[in-house]
Amino acid sequence: MNPVFANLPTSIFEAMSMAAREQGAVNLGQGFPDFGWPEDVVAKAAAALTGAASQYPPMRGLPELRAAVAAHYSHHQSLSLTAEQVIVTSGATEAIAASLLALIAPGDEVVLFQPLYDAYLPLVLRAGGVPRLVRLTPPDWRITEAALAAAFSPNTRLVIFNNPHNPTARAFDAEELALLARFCIDHDAIAVSDEVWEHLLFDGRTHLPLSALPGMAERTVKIGSAGKIFSLTGWKVGWAVASPELAAQVARAHQFVTFTTPPNLQAAAAYGLGKDDAYFAEMRAMFQAARDRLRAAVEGEGYMVLPAEGTYFLNVDLAASGIAVDDMTFCTRAVAECGVAAIPVSAFYAEAPVANVVRLCFAKQPETIEKGVAGLAKARRLLGG
Ligand code: GLN
C-alpha cells in the first residue's frame, strides 16, 4: 500500500454527507447547492446523450468546449487564450491531480496555503513533492510577505493557490496576488491556481485571475469547473488552462488519469459557458441572497460569523460565539444530536489546526436553511457557554 493514502481518513466532505444521510440531518456540510442550476444546460446534456456520439471524445476535450472555455475567459476576465491552451478534465480535482503529476519531480518543494482543500496535500505527496505550508488564520486569513518568505526557497517548484478560497470564503486582493506573483517569478515557480469559485463572488467583487498578472501567464495553470459555474457539482467537468507548453505537459498526465470526460456533459458545458452576462449576474445575486439569509439566521441564533466574500460558504467562529468545544466535537455532535451537518475547518489543516471555526454551506433553498439553522440553534443550546 502506498503510505500517502494508507492511513488517510475518508474525506471530511464524504464522511459528513454520509453521517447526514444516516441521521436524516440537514446537510450544510459538503459544498453542493440544492437549487440554482440552469435547466437549459441540463436539457442540452440530455439531448446530447441521446442525439450525439457517446464514444471517446478527443483526449484533450471536445473542440467546442475547449474553444468555449477560451472565449469565456476572454469575455469575462479579459484573458487572451486559444483553445489549444485548454485541457478538459473530469472535474477540477482531476485537473489538479494531472497538473501535479505532470509538473512536480520527486523532491521539488511545493508551497500550499492552510487551510487547504483536502485533496491538495495527498496529491502533492504522491507526486513526490515536499510540502511547505503557509498558515493562514482568522479572522482576516491574510497572505503576508513574511509568511511567503518563510515558505519559498531555492527548491520551490510549484505553488498551489486557491482563489476565491475554500473554506475561508476570502477573495484574496490585488496586493496579495501581486505579492504571490513576485515570489513565483523570483523563484521561477509554477502556480497551479484553483479558481473554481471565480463566478461566486459577492458584493460587487470581480475575480482577479492570477494568470493576468505580469509575468504569470506563462507560469500559471488556471483550474476551472463547470460543476461550480452551473451549480451541477456531480457532473465533474473541469479544465486546466495554461501556456501551450504547460498545457501539453498537463495533457501527458491527464491521458493516463481519466483520459476523457463524458462528451454529452462537455457539449452542455460548452453551451452554458456562452450564456449571456445576465445569467451570471442573476446566479451571483441568487447565491448572495442565500448567503445573506443564512448569515442573518445564524446571527439571530447568537453565532458570530466571519466575512464571506465568495464561494458557497459562511464560517462561524465558535469561540467568539461563546462555544468552548472544538470544531470537530461541535460538528460530530451537531450531526448526531441536532440534525445538521457542517464541516470543521480544522480538517483543512495538516498541522497546527485552527479548531474554532465551522464551515456552513449556504447554497440552499430557504427551507433547507431554516431547518439547518434550527439544528444549529439546538447545537448552541447543547454546547454553548
Ligand atoms: N468542494 C466541496 C466542498 O468543499 C467538496 C467536494 C468533495 O466532496 N470532494 O465542500
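Just follow the structure's listing: the first ligand is 1, and inside any ligand the first atom is 1. Hydrogens, waters and symmetry mates are skipped; everything else that's a heavy atom, side chains included, is used.
Between T311 and N166, the side chains place no donor N or O within less than 3.5 Å of an acceptor N or O (distance only, hydrogens not considered).
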In residues 263-270, what donor-acceptor pairs under 3.5 Å come from side-chain atoms, sequence neighbours left out?
from	atom 1	to	atom 2	distance (Å)
N264	ND2	A45	O	3.2
Q266	OE1	L62	N	2.8
Q266	NE2	T261	O	2.8

Check: residues 98-113 side-chain donor-acceptor pairs under 3.5 Å, at least two apart:
from	atom 1	to	atom 2	distance (Å)
S99	OG	A95	O	2.7
D108	OD2	A105	N	2.7
E109	OE1	R132	NH1	3.0
E109	OE1	S153	OG	2.8

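Polar contact check, S11 against ligand 1: no nitrogen or oxygen pair lies under 3.5 Å apart.
At least one heavy atom of Q30 sits under 4.0 Å from some atom of ligand 1.
The existence of a salt bridge linking R291 and D203 is confirmed by a sub-4.0 Å separation between a basic side-chain nitrogen and an acidic carboxylate oxygen.
Only the side chain of R359 comes within 4.0 Å of ligand 1, counting heavy atoms alone; its backbone N, CA, C and O stay farther away.
Nearest-heavy-atom check against atom 1 (N) of ligand 1 across F313, F348, F13, Y117 picks out Y117.
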